[in-house]
Amino acid sequence: MLARFLRPAGIFRPVVSYGGISTSCLRRSDALFVHRDTEYNNPKIPFEFSPVNMRSAEEIISRYPPQYKKAAVIPLLHLAQRQNKGWTSISVMNYVAKLLEMPPMRVYEVATFYTMFNRESIGENFVQVCTTTPCMLRGSTDILNTVCGHLGGIKPGGTTKDGKFTVIEVECQGACSNAPMMVVNDDFYEDLTSETTKTVLSAFAKGEKPKSGPQSGRHTSENSAGLTALTSKPYGPGEFCSPEFQ
């Protein structure tokens with residue numbers, strides 16, 4: 001709606017015009033935003049930081065002025081999620097709220113806004129397949145289908161029956177120059193093909209940890225076609241300067 005005001009005879013009158021309304025197709029999220037008590041996720045299940053994590057939590061809180069310690073909510077939730085086997089339960093959120101002297105609702109708002117917080121339990125290995133534009137142009141759809149097929153035909157958001165893998169589809173993971181890629185737990189696996197994807201997953205299934213990074217032979221993000229710049233020895237300081245400056 002566009003509104004502007006004219007002033008005929010000293011009176012302000014709104015002139016309203018309506019533009020076209022466009023809509024897009026509905027796409028449901030695989031994330032949980034509304035809590036419902038279950039046997040494995042309810043406020044009666046106790047949670048508190050381990051002694052080691054409590055020391056870490058106290059150090060994190062000390063980075064902020066006392067009146068602003070609620071600013072530590074994201075790192076504390078992340079620390080608690082790691083201790084809670086990779087997911088943020090209602091007990092975790094309530095504990096962090098009490099520790100930071102925040103209304104629980106404020107912590108719920110943070111945990112449901114950021115996709116880094118898993119509201120449901122996950123498998124032993126958390127597989128996040130990027131399908132944003134750079135990865136999609138490089139075949140991320142095939143990678144996602146390969147992952148789901150190799151793990152028994154589960155769908156994004158699902159967990160294998162043995163509890164070893166959870167797979168989700170995510171937005172950019174920041175390795176666009178090495179697309180397509182996926183993250184397994186804390187490690188990036190890049191330059192993937194269907195075959196190398198299966199190899200990585202098979203290693204995790206055996207309890208092994210394959211080498212992270214590019215799976216194509218590249219070391220980092222160097223040009224896959226080979227060196228195209230700085231192909232000769234660079235000249236030294238002052239080599240092409242006037243004699244008086246050498």
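Note that the structure is predicted; figures quoted are calculated from it, not measured.
- The residue from Ile168, Val184, Thr159 that alone fulfils the side chain to side chain contact (heavy atoms under 4.5 Å, CB included) condition with Phe126 is Ile168.
- You'll find the side chain of Thr199 stays beyond 4.5 Å of the side chain of Gln215, heavy atoms only.
- When the side chains of ILVMFWY residues are joined at heavy-atom separations under 4.5 Å, either directly or via intervening members, Leu79 and Trp87 end up in two distinct hydrophobic clusters.
- The backbone N or O of Lys164 lies less than 3.5 Å from a partner atom in the side chain of Asn125, making a donor-acceptor pair.
- Residues Lys209 and Asp187 have side chains in contact (heavy-atom distance under 4.5 Å, counting atoms from C-beta outward).
- Not a single donor-acceptor pair under 3.5 Å links the side chain of Glu48 to the backbone N or O of Met54.
- Put simply, the side chain of Gln83 never gets that close to the backbone of Asn53: no donor and acceptor are under 3.5 Å apart.
- With hydrogens and angles disregarded, a donor-acceptor distance shorter than 3.5 Å links the side chain of Thr132 to the backbone of Cys172.
- Formation of a donor-acceptor pair under 3.5 Å by the Asn42 side chain with backbone atoms of Thr38 is found in this model.
- Residues Met136 and Thr131 approach most closely at CE-O, 3.4 Å, considering heavy atoms.
- Hydrophobic cluster membership differs between Val147 and Val183, with clusters built from Ile, Leu, Val, Met, Phe, Trp and Tyr side chains linked at under 4.5 angstrom.
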Val127 and Phe204: side chain to side chain contact (heavy atoms under 4.5 Å, CB included), yes or no, with the steps?
CA-CA 11 Å; Val127 183; Phe204 275 104; over 6 Å; no
Test side chain to side chain contact (heavy atoms under 4.5 Å, CB included) on Arg119 and His35 and set out the steps.
CA-CA 9 Å; Arg119 295 296 316 288; His35 174 75; 3.9 Å; yes
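- Tyr108 and Phe113 end up in the same hydrophobic cluster when Ile, Leu, Val, Met, Phe, Trp and Tyr side chains are linked at under 4.5 Å.
- Other residues, nucleotides and ligands contribute only 12 or fewer heavy atoms inside 6.0 Å of the CZ atom of Arg138.
- Taking a cutoff of 4.0 Å between a charged side-chain nitrogen and a carboxylate oxygen, Glu58 and Arg55 do not qualify as a salt bridge.
- Using a 4.5 Å cut-off on side-chain heavy atoms (C-beta onward), Pro156 and Leu144 make contact.
- In this structure, Phe49 has its ring center under 6.0 Å from that of Tyr95.
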Would you please test Ser140 and Glu169 for side chain to side chain contact (heavy atoms under 4.5 Å, CB included) and show each step?
CA-CA 10 Å; Ser140 64; Glu169 181 181 355; over 6 Å; no
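- Using a 4.5 Å heavy-atom threshold, the side chains of Gln128 and Thr115 count as separate.
- Of the possible donor and acceptor atoms, none in the side chain of Asp191 sits under 3.5 Å from a partner among the backbone N and O of Gly217.
- Cluster membership for Val96 and Met105, using ILVMFWY side-chain heavy atoms within less than 4.5 angstrom, is shared.
- Residues Asp186 and Arg82 form a side-chain contact, since some pair of their non-hydrogen atoms from C-beta on lies under 4.5 Å apart.
- Counting heavy-atom neighbours within 6.0 Å of Tyr64 OH, excluding the residue itself, gives a total above 12.
- No donor-acceptor pair closer than 3.5 Å links the side chain of Thr197 to the backbone N or O of Ile143.
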Given side chain to side chain contact (heavy atoms under 4.5 Å, CB included), test Gln173 with Met181 step by step and report yes or no.
CA-CA 8 Å; Gln173 296 277 21; Met181 57 82 63; 3.6 Å; yes
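- Of the possible polar contacts, none joining the Thr196 side chain to the Leu192 backbone as a donor-acceptor pair under 3.5 Å is found.
- The main-chain N or O of Ser194 is never found under 3.5 Å from a side-chain atom of Thr146 such that the two would form a donor-acceptor pair.
- In this structure, Glu39 places its CD atom where only 12 or fewer heavy-atom neighbours from other residues, nucleotides or ligands lie under 6.0 Å away.
- Residues Ile74 and Leu76 share a hydrophobic cluster, clusters being chains of Ile/Leu/Val/Met/Phe/Trp/Tyr side chains in contact below 4.5 Å.
- Under a 3.5 Å cut-off, the side chain of Gln81 and the backbone N or O of Asn118 do form a donor-acceptor pair.
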